[in-house]
Amino acid sequence: MEIFEEIEPLRAFLKGKRAALKSIGLVPTMGALHKGHLALIRASKAQNEVTISSIYINPTQFNNQADLDKYPRMREADIKLLETEGCDVLFAPSNTEMYSGYQSLTFDFGTLDKVLEGKFRPGHFSGVALVVSKLFNIVQPDRAYFGQKDYQQFQVIRRLNEELKFSIELHSVPIVREESGLALSSRNQRLNEQDKKNALFLYDTLSNAKVQLLKGMPFSEIKTEAETRAKKKGEVKLEYFELANKNTLQELEDVNDFKNGILLIAAFVSDVRLIDNMLLVAE
Ligand code: AMP
């Protein structure tokens, strides 16, 4: 695997690949790689001749300094995993490489980034859009791969791709879970065994809600029940639990519009913030 820490040598390398008409797939990550990330690498390898993964913990998307400080960093293990998976290129830049010069651009996605994650993490999606724009410009991939796990992020990036005419083919890869149902996340590394059991609250709440909704139970009742269960549990602090339209992420207007419905949840387990989601009808 070729490893680049600087933009210009990477650009030169990729220019050669493009000249040889090789298709390029990009998988952006923040490292501490797990099977969810590897599913994205596999999806890219199946469709592209060159797969490039980036590992960059982007400071502008963190609205909480402690979260940024505690984010797991494990470069050597990540490199091994990428090599085993057959990833062709790793781009692992420093902050100075990514953020030298002006730092004035911000993004506003209207109603899309004011709800859910955007509401609880002000500025988060502006930082995501900024770093993804930089990566798209540096790599100029044919295709880029993201996880359904960060569902709202994918909708924001889709809008970014359309508005800025990047013309990159975007792919959303289904959520990879542990056998228990817990969605894989780099942040899970900060959970002990008991925390992991408590963290099942997210998946269980989503799965139960889906069944109850399909049976005709109003979402308001389901949500109140979930809030009560979280309070009783104590170790779980529910931040939001919503039923939304899967395209706009605004409240689902017609509760019987199951094919457009998605449930999204965020909760703290100990001091670790976890998110998960579930489409009412799988795509
Ligand atoms: P991160 O390193 O957390 O920024 O994630 C990098 C990419 O991997 C994002 O597109 C995530 O949505 C995706 N991802 C993270 N966890 C999972 C998972 N459990 N299943 C599928 N994709 C995931």
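Keep in mind that the numbers below use all heavy atoms, side chains included, and drop hydrogens, waters and symmetry copies. Start at 1 and go down the list; that is how both ligands and their atoms are numbered. Keep in mind that what you see is a predicted model, and the values were worked out from it rather than measured.
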For [X], atoms of ligand 1 separated by under 4.0 Å from a heavy atom:
X    : answer
L184 : 16 (N), 17 (C), 18 (C), 19 (N)
F146 : 10 (O)
L40  : 7 (C), 8 (O), 10 (O), 13 (C)
H34  : 15 (C), 16 (N), 17 (C)
Y71  : 3 (O)

So which protein heavy atom does [atom] come closest to, and at what separation?
atom                    : result
atom 20 (N) of ligand 1 : V176 N, 2.9 Å
atom 10 (O) of ligand 1 : G147 N, 2.9 Å
atom 4 (O) of ligand 1  : M30 CG, 3.6 Å
atom 12 (O) of ligand 1 : D150 OD2, 2.6 Å
atom 6 (C) of ligand 1  : P28 O, 3.4 Å

Does the residue [X] have a heavy-atom contact with ligand 1, meaning some pair of atoms that are separated by less than 4.0 Å?
X    : result
Y151 : no
R177 : no
P174 : yes

### Task
Can you measure from CD1 (I7) to CD1 (I138) and round to the nearest 0.5 angstrom?
4.0 Å

### Distance (rounded to the nearest 0.5 Å) between R158 CZ and Q155 CD
4.5 Å

### Query
Going by atom types alone, do T51 and Y145 pair a side-chain donor with an acceptor below 3.5 Å?
no

### Query
Strictly by modelled atom types, are D69 and Q65 linked by a side-chain donor-acceptor pair under 3.5 Å?
yes

### Task
Report the part of H37 in contact with ligand 1, treating N, CA, C, O as backbone and CB onward as side chain, heavy atoms under 4.0 Å; options are side chain, backbone, both, neither.
side chain

### Query
Does any pair with a residue in residues 203-226 pass ring pair (Phe, Tyr, Trp, His ring centres under 6.0 Å), and if so which ones, sequence neighbours excluded?
F219-F241

### Query
Does E49 CD have over 12 foreign heavy atoms under 6.0 Å away?
yes

### Task
Would you mind finding which of Q148, K149, H171 brings a heavy atom closest to atom 23 (C) of ligand 1?
K149

### Query
Does any N or O in the side chain of D78 come within less than 3.5 Å of the main-chain N or O of L33, such that one atom is a donor and the other an acceptor?
yes

### Query
So among L249, T248, L243, which one has a side chain to side chain contact (heavy atoms under 4.5 Å, CB included) with N245?
T248

### Task
Show the numbers, then the answer: is there a ring-ring contact (aromatic ring centres under 6.0 Å, His included) between F109 and F125?
CA-CA 8 Å; F109 294 89; F125 287 118; 7.8 Å; no

### Query
Going hydrophobic residue to hydrophobic residue with side-chain gaps under 4.5 angstrom, can you get from F62 over to M98?
no

